[in-house]
Amino acid sequence: MSAQTTAISSIYKDMGISEEVYRYGEKMLEKLDARFRRIDETAEYNQLKVVKAMQDNKVSEACLLGTTGYGYNDIGRDTLEAVYASLFHAESALVRPQITCGTHALALALMSNLRPGDELLSVVGKPYDTLEEVIGIRDSKGSLKEYGISYRQVDLLEDGSFDYEGIRQAINERTRLVTIQRSKGYQTRPTLSVERIRQVIAFVKEIKPEIICMVDNCYGEFVERIEPTDVGADMCVGSLIKNPGGGLAPIGGYIVGKKECVENAAYRLTSPGLGKEVGASLSALPSFYQGLFLAPTVTAGALKGAIFAANLYENLGFKVVPDGSESRHDIIQAVEFGTPEGVIAFCEGIQAAAPVDSFVVPEPWDMPGYDSQVIMAAGAFVSGSSIELSADGPIKPPYAVYFQGGLTWQHAKFGILKSLQHCIDKGVIPGIPAHLL
Ligand SMILES: *Cc1c(COP(=O)(O)O)cnc(C)c1O
């Protein structure tokens, strides 16, 4: 092959990316050098943090073998939980394939640590859509509300800051657990930094020290060098088919934190009396360990993709959250299109960039747990995995699309260029103005 046909631009061309879109991307990347270097440094820090946790807990070859049946004396499972506890500087951890998804992990943490008569308080406004039914904000079978657990929320102020006065007023004798969602979810508010989480936890604890502070850590793991449990969170909860599974975990969720909180969750997951002692790991352990090992660099790639997308779309005049230069505390990038057509075209482009199912065309549908139609693009090795290149958007104003993931930076980059190309081909975006090339 000649040098010309092996040029990077020529393979992009083969993959349907025009010269114009490719050049626009390259131009943007020149400005992102220093930021990408800082992301690599964080990945380096976190890579060593993971290796240290594995070494300190003496992960051995035997830990990679699974158990079946009851799973008594599952050394691989118990060691993995010790690794998570070390990594998060927490007393205990529950990391299981029996936790089916992030929503399940959060529901488990809440239902096991709240009792009838208790009140749950969200200090960051409305929680993630699927939690509305867990809590009973939207009536649902088995919700916390059905069990006599009430709920209150304090919205963030207009400028995105905590409403400290509102929080003070909302805390009462029944308030037992405060939930803090780190990532914005399907909203356009800012994601919280771990430092901001520290401040709100300190404030809550000063008013009532016995309140359990729980952080929904979905999409936040390894974006910074510290995690919410480093700044006072009693519980930190997330999904293994997001950041900490490193793209390899096929299922699972985790809860780390205070021993008592994690034990409560374990007794609820299995049964009173059994707790953490049962729960076979089956064949999940190699992917849990290896995925955790890869998670810091996978997260870094996804983060670069998010920043790249923000800059590409921002310069074309779209509102993006976070904006192109803001500091990052999760891997989600929102782009507001203002029209359903924009959301759909973007998602079609992401789908077309996938290694699996690139030939299918995603459509909006009624998903369980969501109150509007949602379109999701994911051509993933693990079904529904959103640490893999994926995009989704509820079909409702402001018609924002939420983009995340990419197991490698190179793939994230291709996906974003493909989305842009698709938006241009569909007429959602008129083209790249000459001054940007
Ligand atoms: C993804 C997510 C959840 C729910 O996780 P699922 O695995 O989709 O059930 C909860 N909270 C936040 C902030 C999330 O991003």
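Note that ligands are numbered from 1 as they come in the structure, with each ligand's atoms numbered from 1 the same way.
- When heavy-atom distances to ligand 1 are checked against a 4.0 Å cut-off, T103 comes that close through both its backbone and its side chain.
- Taking distance alone, with nitrogen or oxygen atoms compared against 3.5 Å, Q181 stays at or beyond that limit from ligand 1.
- Counting heavy atoms closer than 4.0 Å to ligand 1, residue I332 contributes nothing at all.
- Every N/O-N/O distance between C101 and ligand 1 stays at or above 3.5 Å.
- Aromatic rings of F346 and Y313 (six-membered ring for Trp) have centroids within the 6.0 Å cut-off, being under it.
- Looking at atom 7 (O) of ligand 1, its nearest protein heavy atom turns out to be G102 N, 2.7 Å.
- Ring geometry for F414 versus H411: interplanar angle of 30 to 60°, hence tilted.
- In terms of protein heavy-atom proximity, atom 13 (C) of ligand 1 is closest to D216 OD2, 3.4 Å.
- Listed by number with element, the atoms of ligand 1 under 4.0 angstrom from any heavy atom of K242 are 1 (C), 2 (C), 3 (C), 4 (C), 5 (O), 14 (C), 15 (O).
- Checked against a 6.0 Å centroid threshold, the rings of Y164 and F203 count as neighbours.
- Contact atoms of ligand 1 toward Y219: 15 (O) (distance under 4.0 Å to a heavy atom of the residue).
- Of the possible polar contacts, none joining the R176 side chain to the I211 backbone as a donor-acceptor pair under 3.5 Å is found.
- Residue-level proximity to ligand 1 for H104 is absent, since no heavy atom of it falls below 4.0 angstrom.
- Taking the ring axis of F162 as reference, the NZ or CZ atom of R196 stays within 45° of it and closer than 6.0 Å to the ring centre.
- Checked against a 6.0 Å centroid threshold, the rings of Y84 and Y254 count as neighbours.
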Hey, mind stepping through K276 and S92 against side-chain hydrogen bond (donor to acceptor under 3.5 Å, both in side chains) and telling me if it holds? CA-CA 11 Å; K276 288 178 83 177; S92 186; 3.2 Å; yes
